[in-house]
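Below: the structure, in structure tokens.
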Number of protein chains: 2
Amino acid sequence: MTQETARPPIDLGKDPLALDRQVCFALSVASRSVIAIYRPLLEPHGLTHPQYLVLLALWQSSPRSVRDLAETLRHEPATLSPMLKRLEALGYLTRRRDATDERQLAVELTEAGRALRAEAEKIPYRVVERLGMELGELEALHAALTRVLEATR
Amino acid sequence: MTQETARPPIDLGKDPLALDRQVCFALSVASRSVIAIYRPLLEPHGLTHPQYLVLLALWQSSPRSVRDLAETLRHEPATLSPMLKRLEALGYLTRRRDATDERQLAVELTEAGRALRAEAEKIPYRVVERLGMELGELEALHAALTRVLEATR
DNA sequence: CACTAACACTTAGCACGCTAACTGATAGGG
DNA sequence: CCCTATCAGTTAGCGTGCTAAGTGTTAGTG
């Protein structure tokens, strides 16, 4: 027996399919556009934006499993697996089996990976500068996006 | 001679690289999460989300060139080219050379493509319902994303 | 009018990002 | 203690999404 909740009818106006009113469209274009800002900043280090996010996660806590990374970054392990191999090939991390549980992989920063962090500290400032938006505006956007993430969990 | 603008220094706090404070991370996860809501709704029609956006653009104006579509959707023509072929294979549109300018392609909805619109009208309502967020909240998010798009133009 | 620059689109190569199927390791029940 | 279900990670297949290079068409200049 499901609870009968009185749900107010949704009104999306006369053209619900108008492209420039779709949140999904604005989201995907904004995501691609912001990632494009990072591209020239990451390219000198041989990094893509998804790889950069992996490093952010590892800079917060270093030996961690693929599953842990996947949950943190909201990715499928299958997406991370090849990415981690590329990051290993770049010399930023190592992949070895956990001694106590051979199923798990211990993904760990190398010295080069840890050293990169100092360089990367500049990146957020450059991105915010390039965006030219007020910090308060960005914080409000972040809060709104966080609401979406909670709603889609 | 560049204008010397007094720029207030940006302060991103003590950990500028904290993952859960990055707008770029929230953006990419939110984008993927919202697209995931569309997936089961589009799958019955054999569509992916990017393909759905192409149809939204064509429902607004139908014979249009690849370049026109690319600018509207903020894509490279090289991204659209294979997508349009797949949409043609699905029977939703036709691709033919423009008679007056053989360089351009005239991308046009088929009868099936036009008919799909009536079905698609339901999709935005289902997505909003699934998100469970207030319309005002979504409009504010859309406005914030539009600001980002203006900033990255 | 010929020649070249610009244009519209396509193809190739690479890295995601997803689902589904697979491999090997561990844990839990009979 | 074995046997099976579960788990962690990998691989394959497909569709983006980007850059760079290629093809054919048009326009503009000498």
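Every chain is numbered from 1 and lettered A, B, ... according to where its sequence line falls, protein lines coming before strand lines.
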Practice prompt. Consider only side-chain N and O atoms of R74(B) and S28(A), and report whether a donor and an acceptor are under 3.5 Å apart.
Written response: no
Item to complete: Give the nucleotide from the list dA15(C), dT11(C), dC9(C) with an atom nearest to the side chain of K85(B).
Response: dT11(C)
Rounded to the nearest Å, what distance is computed from the [atom1] atom of residue [X] to the [atom2] atom of nucleotide [N]?
X      : N       : atom1 : atom2 : answer
R95(B) : dC9(C)  : CZ    : P     : 10 Å
L87(A) : dA15(C) : CG    : P     : 11 Å
D98(A) : dA27(C) : CG    : P     : 11 Å
L80(B) : dT11(C) : CG    : C1'   : 15 Å

Worksheet item: Which nucleotide of DNA chain D is the first, and which the last, in the 5' to 3' direction, to come under 4.0 Å of a heavy atom belonging to chain B?
Response: dG15(D) to dT26(D)
Hey, is [X] close enough to [Y] for a salt bridge, meaning N to O under 4.0 Å?
X       : Y       : answer
D98(B)  : R67(B)  : no
R95(B)  : E108(B) : no
R147(A) : E150(A) : yes

Practice prompt. Select from R86(A) and L84(B) the residue whose nearest nucleotide in DNA chain C is closer to the 5' end of that strand.
Written response: L84(B)
Worksheet item: For E102(A) and L105(B), take the nucleotide of DNA chain C holding the closest heavy atom to each; which residue's nucleotide lies nearer the 5' end?
Response: L105(B)
Discussion item. Below 4.0 angstrom, which residues in residues 18-29 of chain A have at least one non-hydrogen atom near DNA chain C?
Written reply: none
Worksheet entry | Any donor-acceptor N/O pair, T152(B) side chain to V148(B) backbone, under 3.5 Å | yes
Worksheet entry | Residues, nucleotides or ligands: over 12 heavy atoms within 6.0 Å of E134(B) CD | no
Worksheet item: If you count the non-hydrogen atoms of other residues, nucleotides and ligands that lie under 6.0 Å from CZ in R130(A), is the total more than 12?
Response: no
Practice prompt. Take the angle between the ring planes of Y52(B) and Y38(B) and call it parallel below 30°, perpendicular above 60°, tilted in between.
Written response: tilted
Discussion item. Under the side-chain contact (heavy atoms from CB on, under 4.5 Å) test against C24(B), which residue among L53(A), V127(A), I35(A) passes?
Written reply: L53(A)
N/O-N/O pairs, protein side and nucleotides 18-24 of chain C side, under 3.5 Å:
residue : atom : partner : partner atom : Å
dC18(C) : OP1  : R32(B)  : NH1          : 3.2

Worksheet item: Can you list the steps and then say if R114(A) with E111(A) is a salt bridge (charged side-chain N to carboxylate O under 4.0 Å, His left out)?
Response: CA-CA 5 Å; R114(A) 277 188 297 274; E111(A) 188 45 46; 3.0 Å; yes
Item to complete: Look at the side-chain N and O atoms of S81(B) and state whether any lies under 4.0 Å from the OP1 or OP2 oxygen of dT11(C).
Response: no
Worksheet, complete the sentence: Result for 5'-nearest mapping on DNA chain D, choosing between P82(B) and D101(A), is D101(A)
Discussion item. Regarding P77(A), tell me which of base, sugar-phosphate or nothing describes its non-hydrogen contacts under 4.0 Å with the strands shown.
Written reply: base
Practice prompt. Assess whether side chain to side chain contact (heavy atoms under 4.5 Å, CB included) is satisfied between V23(B) and L131(A), documenting all intermediate values.
Written response: CA-CA 11 Å; V23(B) 173; L131(A) 270 174; 6.0 Å; no
